[in-house]
Amino acid sequence: MTRKIVAGNWKMNLDYDEAKLLLKNLIASKDQFPSDVEVVICPSAPYISAFAEVLRDQDWISLGSQNNYFIDEGAFTGEISPKQLKSLGVKFGIVGHSERRDNFDEDYSMLSKKVKALLKHNVRPIFCCGEQLQVRDSNVYKEFVMKQIQDSLFKLKPEELAQLVIAYEPIWAIGTGKTATADQAQEIHHLIRSRIASEYNDKIANQVGIIYGGSCNADNAKELFSQKDIDGGLIGGASLKTESFTAIANSF
Ligand code: 13P
């Protein structure tokens, strides 16, 4: 299991024709993606089924979801079932993005259920954490992020936690063009890995991918990815263009 991961979070962007074109361009650029990097794209939910068909013979690129419910089936109008995602070949699932925590009141107990629901189907959660600007400025940001991790993840069994990707996404850096410095990001990534090592063990801590998100682009990815505990990126805006996404994947 490689720890190098570059995942594109397309968020609620692109109409269907635009999304299909981006997928087509990514596939045409296959040779430009390094073979030792796990490449993931997380398009809007309505596109997943058609994308899964197109990607059937493209095992170098994995499909991820942006959200899922924690129950497999039933009377939950509009929700996205983890079982259904699995049946489409989805391999990763973003859980706990700050945009969902803030806009849809997702709290730690819901997020831990969502993580568990994905793991039940062997879909690897990309669990997001990160602090607001006022938390960063008030200097309790380390405790804040550790609490997010601890509350939602530390009841998982060791073999479950080992499947996880954790995305550190400081909210003040998302979509703002203001990236965390490599030192700021490394500090938190190292802290997350150390906490996992003390709560579980070193082996598990080294299996978990810890990736950075927040205005990561072709210009700053190299410096970020050169840090010891930064295993790649969860990319928003820059994943919507083939050139920048390819360049980021080549930044290790
Ligand atoms: P941007 O790369 O657009 O800042 O978004 C980051 C993000 O939220 C990825 O999940």
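Side chains are part of it too, since the values below use all heavy atoms of this structure and drop only hydrogens, waters and symmetry mates. Whatever order the structure lists ligands and atoms in, that order sets their numbers, starting from 1. Bear in mind the structure is a predicted one, so any value in this text is a computation, not a measurement.
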Item to check | Shortest reach to atom 4 (O) of ligand 1 by a heavy atom, considering only Cys128, Gly236, Gly175 | outcome: Gly175
Item to check | Minimal non-hydrogen separation, Val145 against Cys129, with atom names | outcome: CG1-SG, 3.8 Å
Next on the checklist: Looking only at protein heavy atoms, which one is nearest to atom 3 (O) of ligand 1, and what is the separation?
Outcome noted: Gly237 N, 2.9 Å
Checklist entry - Where the side chain of His121 meets the backbone of Val123, is there a donor-acceptor pair that is under 3.5 Å apart? => result no
Item to check | Identity and separation of the nearest protein heavy atom to atom 7 (C) of ligand 1 | outcome: Glu169 OE2, 3.1 Å
Checklist outcome for this item: For Gly214, the ligand 1 atoms with a heavy-atom partner under 4.0 Å come out as 4 (O), 6 (C)
Checklist entry - Which atoms from ligand 1 have a heavy atom of Leu234 less than 4.0 Å away? => result 9 (C), 10 (O)
Item to check | Distance-only donor-acceptor check, side chains Lys241 and Asn25, under 3.5 Å | outcome: no
Item to check | Atoms of ligand 1, numbered as shown, that sit under 4.0 Å from any heavy atom of Lys11 | outcome: 5 (O), 6 (C), 7 (C), 8 (O)
Next on the checklist: Any atom of ligand 1 sitting under 4.0 Å from a heavy atom of Ser215?
Outcome noted: yes
Checklist entry - Just checking, is any N or O donor in the side chain of Glu38 or Ser62 under 3.5 Å from an acceptor N or O on the other one? => result yes
Checklist entry - What part of Ile174, side chain, backbone, both or neither, has a heavy atom within less than 4.0 angstrom of ligand 1? => result both
Checklist entry - Should the ring pair Phe33 and Trp60 be called parallel, tilted or perpendicular, given that the plane angle runs from 0 to 90° and is split at 30 and 60? => result tilted
Next on the checklist: Check Asp231 with Arg3, please: is the shortest side-chain N to carboxylate O separation under 4.0 Å?
Outcome noted: yes
Item to check | Asn9 N/O under 3.5 Å from ligand 1 N/O | outcome: yes
Checklist outcome for this item: Between Glu187 and the options Lys142, Lys228, Arg193, the salt bridge (charged side-chain N to carboxylate O under 4.0 Å, His left out) test singles out Lys142
